[in-house]
Amino acid sequence: MTALAQLTNSQVPVVATIAAANVSGQLYRAGEIAKNLSLAAKNSRAMVMRAGSRAAGLQVISDFFAELASKTILLSQEINLCAIDISNNSVAQWRTHTLIHHLNTSDQKSEQTELHELVNSKLKLSSQHLDKLETQFRSSIKLLESYLEQIEEQIRASNVIAVNFRLEATQTGEFQPMLNHMADNIDQLSREIKEHISESISYMKDLRG
Amino acid sequence: MLSKKLYDEKHQWYVFGRDPDKPDSIIDTNQFMIVSGDRAILLDPGGIELFSAMLASCLKHVSVDQITDLFASHQDPDIISSLGMWDQVLPKARLHSPWLWEGFIRHFGMEKIEYVPIQDNGGSIKLGDLDLTIIPAHYLHSSGNHHLYDPIGKILFSGDVGASLEAPGSPLFVDNFESHIDKMKYFHQRWMPSENAKMDWINRVRQLDIDMMVPQHGRLFKGNQVTQFLDWFQELEVGIAIKN
Ligand SMILES: [Fe+2]
Ligand SMILES: [Fe+2]
C-alpha cells in the first residue's frame, strides 16, 4: 500500500498540493544554479580559447557544460509549468472533495426528498468532475516524471565529463590551475543541481497514487 | 506568479504577485513573505484562487515547515480567504489578525492554526531575531485593521493604504508619483471612510523611518515617494460615497 493510499481520500490532494509545490520550488532553485553554471561554462570556454591548441580537447567539454546549463534551465521551466498544473489540479480535487463531504453531511441531515434528489445529482456531477481531474492529474505526473528523468540523465553524464575536463587540463601548462579551478566550480554547481533534482524526485512518491 | 526579493540582509523580504494565471475578474494582489533565520511569515496570504500559485512561490525560497506565522491585516477575502487551505498545509502555524475579526475570519475554515488576536493598539510579532511592529490602521478601510513595520529593513507593509488599481502586468515600483496618482485616487476616496482615521494613521506613520512602503495592491513606493504619498493622502478627501 502506498503512503497515499493509507490516507483518507480528502487528505490526498493536500499531500499532493504540497508535493507539487515542493517539486516546483526545488526546480526553481536548480534553474537558478543552472544560470550560474551557464556563466561558468562561458568563462571556461573563453579560457580554453586563450589556451589555444593545447586545450583543443577542452573546447568540446566546455560546450557540453554550456549545453547542460541551457537544457537544465529549459527543463526546469517546463517542469515548473507542469508542477503548477499539478498544484492547481490538486487544489481543485481538494475543493471537490470538500464539496462532496458537505453534500454528504447535508444529505444525512435532511429528510426531504427534494433536497435528497438535489444532493444526489450534485454528488454525481462532483464525482464525475473528480474523475476527470484525477485522469488529468495522472497524465501530468507522467509528464513530470519523464522531465525529471531527462534532467537526471544529463547530470549523470556531467560527472563523467568533469573527470575528462581535469585530465585534459593537465596538458595546458600555465592554464592548468585556472582550468582546474573552473572544473571545481562547474563540479560544485552540477552537484548542487543534482541535489535539488534528487530532492524533487523524493517528493514524487507523494504524487503517485 | 512573479516572485521578487525586495530586501536581503540578515533577513529577507519577498513579494509575490502579478499572477498571469489569475482570472481577470479577481483583483490583483501583492503577497509578502519575510524570512528571518529558520522562520517565515506571510503577510496577507491572499485569496483562495491564488493558493496553489502562492504555496509554490513560497516553497521556492523556504520549506513548508519554515512558514510558522501568517499575518492578516483585516478580514477581506482578497487577504485571507485561502485560510482553509493554509490550515491543512500549516497545521502548527499562528495567524496574527485583529481581535475584532476572529469570529468572522474563522468562517474561512480554521481548525488547526492558532488565532493570535491583535489588540486595537497594535503590538509586535517576533520572528526569530526580528521584531516586527504592528501599526494600527483602523477604518483604513476595515474597522479592525493593522499594518506591519520592519524597523531594521525600514519597510512598511501598508495593506490597502497606498493601493492602486492597474492593468495586469504593470511594473512593480512607482516610477513617477504624479502620474501614479490617477491609479490611486478613486480607491482611496471610495474605500477609505474616515478623515479622522486617515489623520491618525498619517501621524503615526510620519514618525517611522521608512525606505519602502509596500501596499497589498499595485505598485510599491520607494524613498521620497513615501513622503509624497503621505502629503498627497493628507490633502485627499475620503469617504466620498456619502456626499453623493
Ligand atoms: Fe480590504
Ligand atoms: Fe485589499
Side-chain angles (χ1 to χ4, degrees), chain A residues 7-35 73 76-99 101-102 105 133 136-137 140 144 195-196 199-200 202-203 206-207, chain B residues 1-5 8 12 14-23 26 31 33 35 38 40 42 45-68 77 81-93 106-113:
Chain A
L7 297 166
T8 64
N9 262 351
S10 62
Q11 275 176 295
V12 174
V14 183
V15 173
T17 304
I18 299 175
N22 269 322
V23 170
S24 133
Q26 290 301 323
L27 258 300
Y28 169 81
R29 290 175 218 200
E32 290 298 294
I33 297 165
K35 286 180 194 161
I73 293 167
S76 76
Q77 284 161 352
E78 293 290 337
I79 289 175
N80 203 19
L81 288 180
C82 193
I84 288 168
D85 269 350
I86 293 170
S87 234
N88 285 335
N89 183 301
S90 41
V91 168
Q93 285 192 47
W94 188 349
R95 291 171 81 169
T96 310
H97 274 297
T98 311
L99 174 66
H101 168 77
H102 288 306
T105 314
L133 285 171
Q136 287 165 356
F137 184 78
S140 298
L144 179 59
E195 271 163 28
H196 290 301
E199 184 99 349
S200 302
S202 75
Y203 291 116
D206 290 339
L207 287 173
Chain B
M1 182 178 271
L2 174 143
S3 136
K4 192 174 159 55
K5 203 186 265 181
D8 188 11
Q12 292 78 35
Y14 296 91
V15 58
F16 308 118
R18 310 290 194 272
D19 187 5
D21 300 323
K22 172 189 77 61
I26 291 176
Q31 287 70 232
M33 176 168 76
V35 182
D38 57 1
L42 308 182
I48 192 161
E49 293 296 332
L50 295 188
F51 171 75
S52 59
M54 186 46 195
L55 178 66
S57 299
C58 294
L59 298 193
K60 284 178 183 172
H61 311 286
V62 296
S63 72
V64 72
D65 303 324
Q66 269 179 280
I67 308 170
T68 54
S81 65
S82 55
L83 182 62
M85 303 255 152
W86 291 111
D87 189 63
Q88 301 283 314
V89 171
L90 311 172
K92 291 185 195 135
R106 284 184 179 276
H107 276 283
F108 289 129
M110 195 178 90
E111 290 165 4
K112 298 170 187 140
I113 289 179

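These values consider heavy atoms only, across backbone and side chains, with no hydrogens, waters or symmetry-generated copies. Here is how names work: the chains are called A, B, and so on, in the same order as the sequence lines, proteins then strands, and each is numbered from 1.
- You'll find the side chain of B/Ile48 reaches within 4.5 Å of the side chain of A/Arg95, heavy atoms only.
- Atom NZ of B/Lys60 sits about 13.0 Å away from atom CG of A/Asn22, to the nearest 0.5 Å.
- Interface check for chain A: of the options B/Met85, B/His61, B/Met1, the most heavy-atom pairs under 4.5 Å are formed by B/Met85.
- Within a 6.0 Å radius of NZ in B/Lys4, other residues, nucleotides and ligands contribute 12 heavy atoms or fewer.
- Going from atom CD1 of A/Ile18 over to atom CG of B/Leu90 covers 7.5 Å, rounded to the nearest 0.5 Å.
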query: Taking it one step at a time, do B/Lys5 and A/Glu32 satisfy salt bridge (Lys or Arg N to Asp or Glu O under 4.0 Å)?
result: CA-CA 14 Å; B/Lys5 203 186 265 181; A/Glu32 290 298 294; over 6 Å; no

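- Between A/Tyr28 and B/Leu59 there is no side-chain heavy-atom pair separated by less than 4.5 Å.
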